[in-house]
Amino acid sequence: MSIREMGAVLRRRWYVIVPAVLLSLLAALHLYRSVPVAYQSQSSVALLDSTANSQLPPAFGNPISNAGGSLVVTADVLIRTLSGADAARDLHSLGVTDPYTVGFAANTSGPLLTLTVTGTDRAKVLEETNTLTAFAGEQLNALQAAAQVQPGYFVQTAQVVLPQTPVPQLKSRYQQVLGVLILGVSGGFTLSFVADALLAARRRRSESSAEAAVPLGAPPSGSWGRAARRRSRGRHVDATALLTGYLALAFFIPSNLTLPGMGGVGTPANVFALLGLFWYLATWLTGRIRPAPGTRLPRVAMWLLAVSVLASYIANAGRGSVRKELLGADRGLIALLVWVSLVVLVSAGIQDRSRLDVLLRRAVVMGTVVAAVGFYDFFTATNIADSISIPGLQSSVPQITTLDRGAFTRPRSTTAQPLEFGGMLALLLPFAVQQAFDPVRSRLRAWRRWGPVVLMGGALPLTVSRTSIIGVLIVILVMVPRWKPQRRWTATGVLLGAVACFKVIIPGLIGTITALFASFLTNSDSSTQARTVKYSAIVPYLDERPLFGRGLGTFIPELYFFTDNQYMLTLAEMGFLGLLALLFLFFTGIHQGGAIRRLAVGESDRELGQAFFASAIVALVVSATFDALSFPMFAGMFFLTIAAGGSYLGFIRRAAPKPRSVEFPCLPADQPPLGLSPAPAR
């Protein structure tokens, strides 16, 4: 359905869209006038060591008495105490009735706390902030007294930032108004196409009864004929064209640039994907498109993931979350809609296999450009994405800088982090290899076929990360053994030559990567030890809500800590139900690749199935090395490849040879014998 046709539907059903828009405007105006402005005041408190820290403190056997040592543990104990129910009751009796939060100050690793109070009365908010700040010092003294710490070794509090004059929080108010507007307009949009589809079905039934009285061969007349001619005009827009626009926005706009107030999910690519979902709904409701047979599996897997996300969202709503967690849960729902839109557009929106081939080739080409930018970042020790500034967008990652490891700068190209850069390239590398060997593309020049493989494969070691190296090894171990012996030996020689070239051109890189894995195996690496500690730290949160978790997007590092493991993060946010849904999604991709390989008749399709199999294995393994789905570019490519595998499997199943039976002992006339494949389409 083209943009002109969608506009024509909205014009015909103006009596649906116009009242919906007017009602949403009135509701937004009422909300703007009735909801009071919230004011927020903050203060900062630092913990100071005791006055007796120059003397050897006795061993009290309690972490609250940490004289002469790090006070971060003491600060964490104080934060948990102030956030508890007993402290809330005591503060309520002191007059602090508005919501408050206590946490570590942003962008700090020391014992610096930020206390925040939010309310509708400006004077009362300032008074409550003063009360909360004084109460924090009293609670710290009470904790130490209960632990029988000697007064000379008491940890003291000092106000670093006095309670600030409350400032209006208009952002949340505007977000509510905008949410009502979006809900009303999207509802009117959907209802317009539903009404048009119902009336069109009714008109078709009446026309079918009228056609019985019309002589055979008579040309269409009246409004139906004019409508058919109008529909034939206009440029046709299909799912591949929309997904190409999504890929361009995802690859070429840095993924840390987002719309204000939406966090990491507010990238232009994600917003475009949501608009694509509206396009699919409009096209589906008007009967212009139907999901292709045999492509249901990725949508079923997404349905299970959506159920787990919604269950965790409901669980988060009932546990008294702080404001940041509530906003994180809302962003999690937006991320779910983006993932659903990608899966639906690819698996149900693409009706022609040639268009699916075009989409994968475009994804590989754009990924090659991102890899080339990574080469530039590595050799110039800069990041080209830092110089990109787009009006209306802001960075969702504060103070993002160029990362180093050893003597090398780790490139991130247009991604938010080197791990996302390496993981995304590892997902696309199997398809670059498959397209290089594809006989359909054999007439192209060698640099056009093998350039993506060289650039993507060469950019992965430059990230100097275990994630990238593990991804490359998985691609090699999954794809190379399935090749013929001559190709295997050639590939082995090329890989050894590539390692030698890296050792000569970039001295020290191979040694740094080897040392990285050696420290990992001996558990002597600081990053490895930090991740091991986090595995045990996640257990208390899992014990609180083991089934549904705390809510997708609520385990915010500012409030908790980085997990660096998608499975640990899923357990904390969506519980065991979410982990099972995520694993089912991973194994769906693995099953689809294996099924394509088994059912394919030609060698090219078998290699394509092996590419999907390798890509799904890469996603399954590297998700244990970083919180993969928190990064928009990696998550987008993952769901796109999962949906593309389901779509290809549907095409392969419909083209697979039909088994002979007693009723039909002969093959159909248009089916080739087993072992032979039809000539590839150009």
Side-chain angles (χ1 to χ4, degrees), residues 264-265 298 301-302 304-313 315-316 325 328-329 331-332 335-336 339 416-420 422-424 426-427 465-471 473-474 520 523 525 527-557 559-591 613-639 641-642:
V265 299
M302 277 305 304
L304 295 177
L305 183 65
V307 169
S308 63
V309 171
L310 293 176
S312 67
Y313 185 85
N316 173 69
E325 290 180 304
R331 288 193 290 267
L336 174 65
W339 301 341
Q417 220 266 356
L419 292 176
E420 183 185 18
M424 184 271 300
L427 284 181
S465 66
R466 286 180 287 262
T467 299
S468 301
I469 303 303
I470 290 173
L473 292 177
I474 291 174
F520 170 75
N523 199 23
D525 184 38
S527 63
T528 304
Q529 294 173 355
R531 295 184 184 189
T532 306
V533 171
K534 291 174 183 177
Y535 294 162
S536 59
I538 208 75
V539 174
Y541 301 104
L542 183 60
D543 291 339
E544 292 178 4
R545 298 180 177 273
L547 188 58
F548 301 120
R550 308 172 66 84
L552 178 63
T554 60
F555 205 80
I556 305 172
L559 301 178
Y560 303 101
F561 51 84
F562 287 100
T563 57
D564 293 323
N565 187 314
Q566 183 58 50
Y567 300 110
M568 293 290 108
L569 183 61
T570 303
L571 278 174
E573 292 185 341
M574 295 188 289
F576 285 104
L577 179 63
L579 181 62
L580 291 177
L582 181 63
L583 290 175
F584 182 78
L585 194 64
F586 284 132
F587 285 108
T588 295
I590 297 173
H591 163 74
F613 186 84
S615 181
I617 292 289
V618 167
L620 174 69
V621 176
V622 302
S623 293
T625 62
F626 73 112
D627 44 339
L629 298 185
S630 300
F631 295 94
M633 191 181 297
F634 180 90
M637 293 306 103
F638 167 69
F639 285 101
T641 54
I642 290 292

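It should be emphasised that the depicted structure is a prediction, and the values quoted were computed from it without experimental measurement. All residue numbers refer to positions in the sequence shown, counting from 1. What's counted below: heavy atoms across the whole structure, side chains too, no hydrogens, waters or symmetry copies.
The two residues S468 and G422 come nearest to each other via the heavy atoms OG-CA, 3.3 Å. Nearest heavy-atom pair, R545 versus A315, reported as atom, atom and distance to 0.1 Å: NH1-O, 3.8 Å. The two residues A616 and G589 have their closest heavy-atom pair at CB-C, 3.5 Å. Minimum heavy-atom separation, S465 to L419: CB-CD2, 3.9 Å. Shown here for V618 and A426, the closest heavy-atom pair between the two residues is CG1-CB, 3.7 Å.
Evaluation of the side chain to side chain contact (heavy atoms under 4.5 Å, CB included) rule for S623 yields Q566, Y567, F586, A628 as partners, not counting sequence neighbours. For F548, the ring-ring contact (aromatic ring centres under 6.0 Å, His included) criterion is met by no residue, not counting sequence neighbours.
In this structure, the side chains of N565 and I538 stay at 4.5 Å or more apart for every pair of heavy atoms. Residues V309 and Y313 have side chains not in contact (no heavy-atom distance under 4.5 Å, counting atoms from C-beta outward). Residues L542 and F576 form a side-chain contact, since some pair of their non-hydrogen atoms from C-beta on lies under 4.5 Å apart. Residues E420 and S630 form no side-chain contact, since every pair of their non-hydrogen atoms from C-beta on lies 4.5 Å or further apart. At least one side-chain heavy atom of F638 sits less than 4.5 Å from a side-chain heavy atom of L585.
The aromatic rings of F639 and W339 lie parallel to each other, their planes meeting at an angle below 30°, with 60° marking the opposite boundary.
The structure places CG of L629 at 9.5 Å from CD of E573, a figure rounded to the nearest 0.5 Å. To the nearest 0.5 Å, the span separating CZ on F584 from CG on L579 amounts to 14.0 Å. With rounding to the nearest 0.5 angstrom, the CG atom of L304 is 10.0 Å from the CG atom of L580. Taking CG of L577 as the start and CG of L305 as the end, the distance is 9.5 Å to the nearest 0.5 Å. The CG atom of L547 sits 11.0 Å away from the OG atom of S312 when rounded to the nearest 0.5 Å. Distance check, rounded to the nearest 0.5 Å: OG1 of T588 to CG of L583 gives 10.5 Å.
Checked by atom type and distance alone, the side chain of T554 never pairs as donor or acceptor with a backbone atom of G328 at under 3.5 Å.
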